[in-house]
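These notes are about the structure you will find just below.
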2 protein chains.
Amino acid sequence: MILTKIATADSVSAELRIKIAAHKVFLAKGFAATTVRDVAKEARTNVASVNYYFRTKKNLFNVIMTEKAQQILGALGPVLGNERTTLDQKIDSIVNCYLDFLLANPDLPMLILNEVKKKNFEFISGAQINKLLLQSNFLKQLKAVNGTLDPVQFFITMVGMILFPFVAKPVILQTGLVKEKDFQSMIQERRALVPVWVKVMLKTRQKR
Amino acid sequence: MILTKIATADSVSAELRIKIAAHKVFLAKGFAATTVRDVAKEARTNVASVNYYFRTKKNLFNVIMTEKAQQILGALGPVLGNERTTLDQKIDSIVNCYLDFLLANPDLPMLILNEVKKKNFEFISGAQINKLLLQSNFLKQLKAVNGTLDPVQFFITMVGMILFPFVAKPVILQTGLVKEKDFQSMIQERRALVPVWVKVMLKTRQKR
DNA sequence: GTCTATAACCTGATAGAC
DNA sequence: GTCTATCAGGTTATAGAC
C-alpha cells in the first residue's frame, strides 16, 4: 500500500502515523497479540502519545476496524442493490469486488472472525444485513430464479467460496498444496471458477 | 461431552483432569488468551502441578492439538483411500465424517487456523498430505471423472463448503441470518446440500 | 503535544516445604 | 505428587516535567 510509505514519513501528523501503524500491526498480529508498544514503535513515537490520541488500545482498534467494515460493506451494497443488472452479472461483480478487497486485505477475514468471536468488535448488525442483503434486489432475483434454494445456505456457501482460501491460507501453504508464490494466481483463477460454480448451484433444484 | 463430567470428578488423576481442562479452555479461548491459571482452575488444581506434568504451556497445547489432528486425519484417511467405493460415495462419506467431527468440535477449525498462522502448531505436513490426499484413490477417481478440473481448487472449495460455516459462526449469528438455536439444524441441512453441490461441480467442465 | 518514569497488574515458570 | 510463595519479565495506562 502506497499510503504506508507516505504515512511513515516525518511530515505526517503523529495521529495519522499511529493509525497507519495500528492498521498494519493489528492486521498482522490480531488484537490481543498487539501491544501498544508495537504500534508506537511502528509509528516511530511512544506509548504515551498513542494513548493520548486514542485513549485506549481497544478504542484504537475499533477506529481501525470500523473503517475497514464500512469499506467492504460500502463496496458490496451498490452491487447487491443494483436494479439494472441481472443475477448472473451480480454474481460476477460480487466475486470480483470481494476478491479485489481481499487481495488488498488478505489478513482481514481472520481478524474479523476472531474479534467478533471474542466480542471485541461488531462487524455487522442485524439491521445492516437486513438492508444490505435481505431487502436487496439480489435476494429478489435469487428467489425468482430458484424458489427451492434456501437463500441463507446459498449465501453462506458463496461467501465461503470467496473467503475460505484467505482464511485457510496458512494451512494451505503448510500442506504444500499451493506454494506462497502461487497463492495470488490461485486466487485469480477463482475469479473465473467461483462464478461458474455459483451459477450451477442456482440451476440445481433441491428435493422437497 | 460425557468425558468432561467423568474427568472433572475427584477420582480421576490430576494429569487427566488437566488434559481435559486444557482441551476445554484452549478450544474456547485459543492459545494466547489461555493462562495456565485458567487451566489449573478448571482442573481444580494449581499452577505448579500443571507445569509439573506438562513442563510448559506450549507443550501442553501441543499434546492436546496433536491428539485432535490425529483424530480427524485418522477418520478421513480410510475414506479417501478406500478402493471399493465410488467417487460419489466418497463425497458423501467425507461430508458426513467431517461434519460429525466438527459438530463435536465446533471451535477447533478456528483454533487450528489461528495457531498454524502464528506457527505455534503444525497441523499437517507436506508428506502427510501427499500420502493422505495426493496419492489417494479419491484423487485418481477425481481425475478420471473430470480431467479439466484443478484438484487443488476443487479440494479447497469442497473443504470450504464443509468448514466455513463453523469458522464464520460468530459473524453468521451476529448478523441474525441464523439464530443460535437453529445453527445445528442449518448444519444438518448441509449434509444433503453440500454433496449435491460438490457433484455438480464435478460435472462442470472448465474452458481451456 | 511529546516524552520519561512509574504505577498497578498479570503472566509463565520454579524453588522449596510438606 | 502437591502446594504456597515468589521471581523475573512484560502489559496497559497515567502522572508530571518540558
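Just so it is clear, the values below take in all heavy atoms, side chains as well, and ignore hydrogens, waters and symmetry mates. Note on naming: letters A, B, ... go to the chains in the order of the sequence lines (proteins, then strands), and numbering restarts at 1 for each one. In this text the structure is predicted, and so the values were computed from the model without any measurement.
The Y53(A) side chain lies nearest to dG1(C) when the options are dG12(C), dG1(C), dA15(D). Comparing dT11(D), dG12(C), dT2(D) against the side chain of A14(B) picks out dT2(D) as the nearest. In the set dT4(D), dT11(C), dT11(D), the nucleotide with an atom closest to the side chain of T35(A) is dT11(D).
Looking at heavy-atom distances under 4.0 Å, Y52(A) makes contact with a base. Counting non-hydrogen atoms under 4.0 angstrom, S49(B) reaches nothing in the nucleic acid.
dT14(C) atom P lies 9 Å from atom CZ of R55(B), rounded to whole Å. One interatomic measurement links the two molecules: CG of N51(A) to C1' of dA5(C), which rounds to 15 Å at whole-angstrom precision. When the P atom of dA13(D) is taken as reference, atom CZ of F61(A) falls 14 Å away, rounded to whole Å. In this structure, the CZ atom of R44(B) is 12 Å from the P atom of dT2(D), given to the nearest Å. When rounded to the nearest whole Å, the span between CD of E15(B) and C1' of dT2(D) equals 14 Å. Rounded to whole Å, atom P of dA13(D) lies 10 Å from atom NZ of K58(A). The interatomic distance linking R17(A) (CZ) with dC3(C) (C1') rounds to 13 Å, in whole Å. Note: NZ (K57(A)) to C1' (dG10(D)) measures 12 Å, nearest angstrom.
Using bins of under 30°, 30° to 60° and over 60° for the plane-to-plane angle, the ring pair F121(B)/F61(B) lands in the perpendicular bin.
For the side-chain contact (heavy atoms from CB on, under 4.5 Å) criterion with F138(A), the lone passing option out of L132(A), V79(A), I94(A) is I94(A).
For the pair K57(A) and F31(A), the cation-pi test (distance below 6.0 Å, angle within 45°) is passed.
In this structure, D92(B) pairs ionically with K199(B), as a charged nitrogen and a carboxylate oxygen lie closer than 4.0 Å.
OP1 or OP2 of dT2(D) has not a single side-chain nitrogen or oxygen of N46(B) nearer than 4.0 Å. Taking 4.0 angstrom as the limit, T45(A) places a side-chain polar atom (N or O) nearer than this to OP1 or OP2 of dC3(C).
Using modelled atom types, one side-chain atom of N146(B) and one backbone atom of L202(B) make a donor-acceptor pair closer than 3.5 Å.
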